[in-house]
Amino acid sequence: MSVTHLDNLDKIVSLSKARGFIFQSSDIYGGLGAVYDYGPLGAELKRNIQQEWWKSMTQLHDNIVGLDAAIFMHPRTWEASGHVEGFNDPMIDDKQSNKRYRADMLIEQHILKLREKGKKDKADEIQHLLDTTGTRKGICEDLYEIIMDEEIRAPESGAFDWTEVRQFNLMFKTHYGATSSGEDDAIYLRPETAQGIFVNYKNVMDTARVQVPFGIAQIGKAFRNEVVARQFVFRMREFEQMEMQYFVEPGTDQDEYEKWLEARLNWHKKMGVRESNLRTSPHPPDKLAHYARAAADIQYKYPIGWQEVEGIHNRTDFDLSRHQEYSGKKMEYYDQQKQERYIPYVIETSVGLDRTTLMILCDAYREEEVDGDTRTVLKMNPKLAPTKIGIFPLIKKDKLQNLAKKIEADLRDEFNVLYDESGSIGKRYRRQDEAGTPFCVTVDFDGVESDGEDTVTIRYRDDMTQDRIPAAKVGDFVRDKMKNWSPED
RNA sequence: GCGGGCGUAGCUCAAUUGGUAGAGCGUCACCCUUCCAAGGUGAAUGUUGCCAGUUCGACUCUGGUCGCCCGCUCCA
C-alpha cells in the first residue's frame, strides 16, 4: 500500500463536497467567497474535535474554566485591544524597506517640513488637499496622488518606491440597534475571541474561586476581512477559534509559555495526526505582534505546505493593562500568600477549529491500491470519526435484517451508527471508508444460523481485516479498539 | 488589490462553421447477490454561474458581474 501524497487541496475539496463534509457557502447563489458550511459529516467531525479540545482543556485541568462570550462587544473593547487603531487606517508600504506607514501621517510630516523651510503657500495647498481627501476619487486614491505628486519619500530608506494606499479594514462593522444607520452606532464582529475572555477576567475571578495560575477556555466564531482569503477552509472570513488564556504570575510567564507550547503540540499528536507532519516554529522577535513577548506556531504539513494551525503567545500584561486603562476598572490580582498585587501575564493558546478539521481530513486521507482498484479511505482517529459503526445485513433477508436492526438499536444511544442494506456489501464498506467510519458490523448466515449466541463480523477500516465476535459484544469491542487506536504511517 | 486561467447534471467531461444539451461515474427504486465499489431493469436532476448586448436563433460571439485556481502582493 502506498502512502498518498497530496500536492494540493483538490482531492480534499472534492471528497468534502461529495460526502457532505464541507460545502461552499450559498452555493446555489454562486457561492460567497472564503465562507464555507459544514455538511452532515463535517458537522459531526467538527463537533468531535471541539469536544476533545474542550475536555482536554477544562475537564482535565482543575484550574481552567470555560466561558462563552458574545460575538458583539462594547466598541471600546477594540480600542483597548489595539484593533481599531491598527485595522482602520490608510496604509502604504515602502517596497524597499518593507516598512508600512500611515499615508496621512506621511503627508502631514511632509507639510511640517515645508513649513520649516518657510514654504507656507505650498504647505497650505497640500494641507487643503489632505483635508479634502475622499472628495476627489476615494480616500486611498487621493492620498496616493498627493504622495506621488509631491514625491514624498520613505522616512527611513529615503526610497520613492511605494505600493498603493490601502485601507485596512480587517474588522467587520455593522450597526447596533434596529433603527440605526449612523456611524455612532457602529459595532464590530469580534476579530478574535480572546477579548471576550479578558473582559470577563474579573467576573471569572470573582465567581469561579480560581487562583493564579488559572485559565479560561472558550470556543467561538471570529470574523476578519482578510485581504486575501483563499485555500478552502484554511483562511476564511468567518472562522472558529478554540482559545485558552492562561493567567500567570509575572516572571513565570516564560516557563508557562514553554510548557503550553509542548502541551498543545502533544494534543495534536493525541488526536492522531502523524508526528512527522507536525512541528513548532517560533516567531522571530521582529515579527511579533504588538502585544506579544514571545510567540510560536504549531504547524501542520498541509498539502499547501507547512502552515500554522495553532499559535502560542506570551501576551504579557498588555491586554489586561489596556483594559484597566480604558475601562477604569482594576485588573490586578492580589496574591494572599505573598501579599503582592500585580496584573497577571497571559499565555495564550489559540487553535483554529476549521484549520484543525482540515488538518484531520488531510492527515487521514489515503488512496490505496486494492486488487487493481483504488480505495479512498479516511484513516482518522475513531474518536473523531463522524460515524463510528456501520451496521449491515449481508443481504436483504429478514433473518439478517432483524438482527442487524437490533444491534443498531442497542448501540444507537452510545455510538453514532449507520444502518445500510443497499447495494453490494463491498460497496457499503467502501462508502464508509470515505466517510472515515472505523468499524463495520455485518450480519451473515453463519452468525445467525449457528447454535447458541449470534455472532457477526466486525471489519476494520484501516486494514480491511475482520474478526468474528458475539453480536452482544460489539459495543465492548468497539470501545476497546477505539481506546487502543494509533495512526499508521 | 494586480496579472493570467477557468466556470455545461452531485463528479469527470462531450455538443460539428452560433440552430434551444448528451455520456460515464455517482444517487434513488426494484430484481439479483452468502463479505470488499465493476450483474439486470428503470428513474430523477441542468433557466449551460449570473445579468445584459449582438442575432431570426447563443452553451458556442461581446461586455459586465459573481465564484474558483495559479503567480505576485499582503498577513500589525
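Within every chain, numbering begins at 1; the chains are lettered A, B, ... in the order of the sequence lines, protein sequences first and strands thereafter. These values consider heavy atoms only, across backbone and side chains, with no hydrogens, waters or symmetry-generated copies.
- Taking atom P on both nucleotides, B:C61 is separated from B:A14 by 14 Å, rounded to a whole Å.
- Between A:Tyr36 and A:Phe232, the distance from one ring center to the other falls under 6.0 angstrom.
- Base pairing analysis places B:C6 opposite B:G67; the two distances defining the Watson-Crick or G-U wobble pair are each below 3.5 Å.
- Close placement of the A:Phe234 and A:Tyr302 rings is indicated, their centers lying within 6.0 Å of each other.
- Counting non-hydrogen atoms under 4.0 angstrom, A:Arg428 reaches nothing in the nucleic acid.
- Pairing of B:U41, defined by two Watson-Crick or G-U wobble distances under 3.5 Å, is identified with B:A29.
- When the C1' atom is compared between B:G18 and B:U41, the two are found 39 Å apart, to the nearest whole Å.
- Residue A:Gln24 places at least one side-chain N or O closer than 4.0 Å to OP1 or OP2 of B:C68.
- As judged by a 4.0 angstrom heavy-atom cut-off over every strand, A:Glu434 is placed among the base-contacting residues.
- Pair assignment for B:A21 gives none, since no Watson-Crick or G-U wobble pairing has each distance under 3.5 Å.
- Nucleotide B:C35: unpaired (no Watson-Crick or G-U wobble partner with both distances less than 3.5 Å).
- Classification of the A:Phe247-A:Tyr201 ring pair by plane angle, with boundaries at 30° and 60°, yields tilted.
- Side-chain contact annotation: A:Thr374 with A:Glu367, donor-acceptor N/O pair under 3.5 Å absent.
- Here A:Lys396 does not reach the OP1 or OP2 of B:U33: none of its side-chain N or O atoms lies under 4.0 Å away.
- One can place CG of A:Leu394 at 14 Å from P of B:A37, the figure rounded to the nearest angstrom.
- One N or O donor and one acceptor, one from the side chain of A:Arg459 and one from the base of B:C36, sit under 3.5 Å apart.
- OP1 and OP2 of B:C11 both lie 4.0 Å or more from every side-chain N or O belonging to A:Arg19.
- Base pairing of B:A52: its partner is B:U62, meeting the Watson-Crick or G-U wobble criterion (both donor-acceptor distances under 3.5 Å).
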